[in-house]
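One structure, pasted below without further comment.
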Amino acid sequence: MTQKNLWDNTDLNVQAMDSLCEDYKAFLSACKTERECAASMKEGLQAAGCLELSDVISGHIRLKPGDLVCTDMMKKALLAFRIGKRPITDGMRILGAHIDSPRLDLKQHPLYEDNGLAFLDTHYYGGIKKYQWVTLPLALHGVVAKKDGAVVPVCIGEKASDPVLGVSDLLPHLAGKQMEKKAREAVEGENLNILAGSRPLEDTEKDAVKARLLSILKEHYAIEEEDFISAELEAVPAGAARDYGLDRSMVMAYGQDDRVCAYTSYRALLDAEVPEYTSVCLLTDKEEIGSVGATGMQSRFFEDTVAEVMEALGCYSEISLRRTLKKTKVLSSDVSAAFDPNYPDVMDKNNCAYLGSGPVFNKYTGARGKSGSNDANAEYLAWLRNILDRAGITYQTAELGKVDAGGGGTIAYMLANLGMEVIDFGVAVLNMHAPWEITSKADIYETYRAYQAFLLG
Ligand code: MN
Ligand code: MN
């Protein structure tokens, strides 16, 4: 077994790869929250003639092969189907990714003033190394829901003319004590306070800096301080996705875990011809905090939606839903850790993922003896090898680090609970969960090709 390098492949379609990666970067630059991802992808689907599931239900529309149909869950998760030639009861082909990413969420009472500076208090979301999130430009994305039912979208810090925000850090001259601390304690979660203003409002006695910020928010967004209570505002790294490396072989961007797999899954579904088996693109929320809640993979949203689609195909019953799920094959399209020559110690070199060597199978994840992992069936992996080899796809297999070095999880085991064949399969990422993550363009393109081969296989 030798590690292949996609860049050595003379058949690599550089033009198609670059074109896909330009689209991908534009998507990443515009979409930095689960809501923004779901909205943008829904728009793309609708432009391709995708039906809204609620319209299908209310209009009693009978779905037929080739039809695209989608629905969102609370605007944060998205499920799209392309109806196949075979009856859905023969099983589906699902690409399942997540569209939430680590970030700093504003608290419900975020705004306060301290010694002439105004701050936004945050509670971080997902697994982050807190010291990475200081002294970098942050943008504020999200929505403010008002009592009158209006939902005001917010996006500050992305246009060149916009201001940016950020979290300050101690100067090295005075950081002696801080630098003695463990890295996990050097920057504390409660101290991830975003500096948002310093200019007092005229003729204001108390908290004049905060008062100016409130007047700005009122002027531009018509929101009051109380409205923060019903807001979802996420502070994310400000700025566009960029080519990375002098040779432009990589992409550096925020949120590539797991939007790199979400985007390639979505494009694989969108660009494919009418499949034999009904294709599904499942884009979930809350993966980074355990797939909980109505929009996470643990919710009934997925099963309920499949039931509705089967109803619209005229074949729903509880038993046929269960049988359909059991005949379904899934790629849990989530990222894997790429080998970093700066930190070789955490990886087993024979069983880890390399940048530029294609999409990565993680047969199992988990920690402490595979605990919590979906250990995919050997037979399923053999079936996938056959499909990918026939399509000329370069892929690799990996573990997420050395035994007992750590671990991680995905949505795979929750889908497997429904009796489906599931395996993790996605792009290798450097700097995972850092504000700026790195992927290989060759991997992105090969993953897209692999997802298409799976949907049509
Ligand atoms: Mn992930
Ligand atoms: Mn993650």
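Keep in mind it's a predicted model, so treat the numbers as computed, not measured.
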Under 3.5 Å, is there a donor-acceptor pair between the side chain of Asp121 and the main chain of Asn193?
no
Candidate list Lys32, Glu234, Glu158, test side chain to side chain donor-acceptor pair (under 3.5 Å), partner His141, passing option:
Glu158
Between the side chains of Asp243 and Lys25, is the shortest nitrogen-to-carboxylate-oxygen separation below 4.0 Å, so that they form an ion pair?
yes
Please verify the inter-ring angle class for Tyr263 with Tyr266; under 30° counts as parallel, over 60° as perpendicular, anything in between as tilted.
tilted
Taking the inter-plane angle between the rings of Tyr112 and Phe119 on a 0 to 90° scale, is it parallel (under 30°), tilted (30 to 60°) or perpendicular (over 60°)?
parallel
What are the two closest heavy atoms between Asp257 and Glu437, and how far apart are they?
N-OE1, 2.9 Å
What's the spacing between Arg323 CZ and Lys327 NZ if we round to 0.5 Å?
8.0 Å
With heavy-atom distances below 4.5 Å as the criterion, would you say the side chains of Lys181 and Glu188 are in contact?
yes
Between the side chains of Glu276 and Arg86, is the shortest nitrogen-to-carboxylate-oxygen separation below 4.0 Å, so that they form an ion pair?
yes
Heavy-atom pair of closest approach, residues Leu192 and Thr122:
O-OG1, 2.5 Å
Closest contact, heavy atoms only, Arg248 versus Lys441
O-NZ, 3.1 Å
Determine, stepwise, if the pair Leu45 / Leu269 fulfils side-chain contact (heavy atoms from CB on, under 4.5 Å).
CA-CA 9 Å; Leu45 286 160; Leu269 180 99; 4.1 Å; yes
Heavy-atom donor-acceptor pair, Asp443 side chain to Val427 backbone, under 3.5 Å
no
Between Gln396 (side chain) and Tyr354 (backbone), is there a donor-acceptor pair under 3.5 Å?
yes
Checking the side chain of Asp100 only, and the main-chain atoms of Glu287 only, is there a donor and an acceptor separated by less than 3.5 Å?
yes
Kindly indicate whether the side chain of Phe425, heavy atoms from C-beta on, has any atom under 4.5 Å from the side chain of Leu388.
yes
Any chance the side chains of Asp8 and Asn5 put a donor and an acceptor closer than 3.5 Å?
no
Could you tell me whether Arg300 and Asp304 have a side-chain N and a carboxylate O separated by less than 4.0 Å?
no
Would you say Asp389 and Tyr395 make side-chain contact, with heavy atoms under 4.5 Å?
yes
Using only heavy-atom distances, determine whether the side chains of His433 and Glu288 contain a donor-acceptor pair under 3.5 Å.
yes
Would you say Tyr413 and Asp375 are linked by a side-chain donor-acceptor pair, where the criterion is simply a distance under 3.5 Å?
no
Any side-chain heavy atom of Pro344 within less than 4.5 Å of one from Phe339?
yes
Are the charged groups of Glu303 and Arg322 less than 4.0 angstrom apart, N to O?
yes
In terms of heavy-atom contacts, Trp383 and Gly457 come closest through CZ2-C, 4.4 Å
Got a salt bridge between Glu190 and Lys107, using NZ or NE/NH1/NH2 to carboxylate O under 4.0 Å?
yes
State whether a side-chain donor-acceptor pair under 3.5 Å links Thr410 with Asp334.
no
Quick check: closest heavy atoms across Tyr131 and Ala183, and the distance to 0.1 Å?
CD2-O, 3.9 Å
Under-4.0 Å salt bridge between Glu34 and Arg103:
yes
Hey, does the side chain of Thr394 reach the backbone of Leu6 with a donor-acceptor pair shorter than 3.5 angstrom?
no
Starting at OG1 of Thr33, measure out to OH of Tyr125 and round the result to the nearest 0.5 Å.
11.0 Å
Flag side-chain contact, heavy atom, 4.5 Å: Asp227 against Tyr221
no
Find the distance between CG (Leu233) and CG (Leu120) and round it off to the nearest 0.5 Å.
8.5 Å
Show the numbers, then the answer: is there a side-chain contact (heavy atoms from CB on, under 4.5 Å) between Val134 and Asn191?
CA-CA 10 Å; Val134 295; Asn191 286 344; over 6 Å; no
Check whether Asn431 reaches the backbone of Trp436 with its side chain - one donor and one acceptor, N or O, closer than 3.5 Å.
yes
Does some side-chain heavy atom of Tyr380 sit less than 4.5 Å from a side-chain heavy atom of Ile423?
yes
How about Leu331 and Leu384: do any of their side-chain heavy atoms sit closer than 4.5 Å?
yes
Between Asp169 and Gln178, is any side-chain donor less than 3.5 angstrom from a side-chain acceptor?
yes
Asn377 side chain to Glu379 main-chain N or O, any donor-acceptor pair under 3.5 Å?
no
Are the side chain of Lys402 and the backbone of Asp345 linked by a donor-acceptor contact shorter than 3.5 Å?
yes
Report the C-alpha separation of Val14 and Tyr445 in whole Å, then their side-chain angles, then the decisive distance to 0.1 Å, and conclude whether the side-chain contact (heavy atoms from CB on, under 4.5 Å) test is met.
CA-CA 9 Å; Val14 176; Tyr445 181 58; over 6 Å; no
Should the heavy atoms of other residues, nucleotides or ligands under 6.0 Å from CG of Asn342 be counted, would the total exceed 12?
yes
Short side-chain to backbone donor-acceptor contact, Lys363 and Ala376, under 3.5 Å:
yes
Taking atom CD of Gln256 and atom CG of Leu430, what is their separation to the nearest 0.5 Å?
10.5 Å
Take Ile194 and Leu106 through the side-chain contact (heavy atoms from CB on, under 4.5 Å) test and state the conclusion after the steps.
CA-CA 9 Å; Ile194 294 169; Leu106 294 204; 4.2 Å; yes
Student check: side-chain heavy atoms of Leu325 and Met92 closer than 4.5 Å:
yes
Step through the shown structure and confirm whether more than 12 heavy atoms of other residues, nucleotides or ligands are within 6.0 Å of NZ on Lys130.
yes
Among Leu282, Leu455, Thr264, Val280, which residue meets the side chain to side chain contact (heavy atoms under 4.5 Å, CB included) test with Leu95?
Leu455
Checking the side chain of Asn351 only, and the main-chain atoms of Thr397 only, is there a donor and an acceptor separated by less than 3.5 Å?
no
Any chance you could measure Met41, atom CE, to Ser265, atom OG, to the nearest 0.5 Å?
8.0 Å
Atom of Ala428, atom of Ala353 and distance for their closest heavy-atom approach:
CB-CB, 4.0 Å
Check this for me: Tyr124, atom OH, are more than 12 non-hydrogen atoms of other residues, nucleotides or ligands nearer than 6.0 Å?
no
With rounding to the nearest 0.5 Å, note down the distance linking SG in Cys31 to CZ in Arg259.
8.0 Å
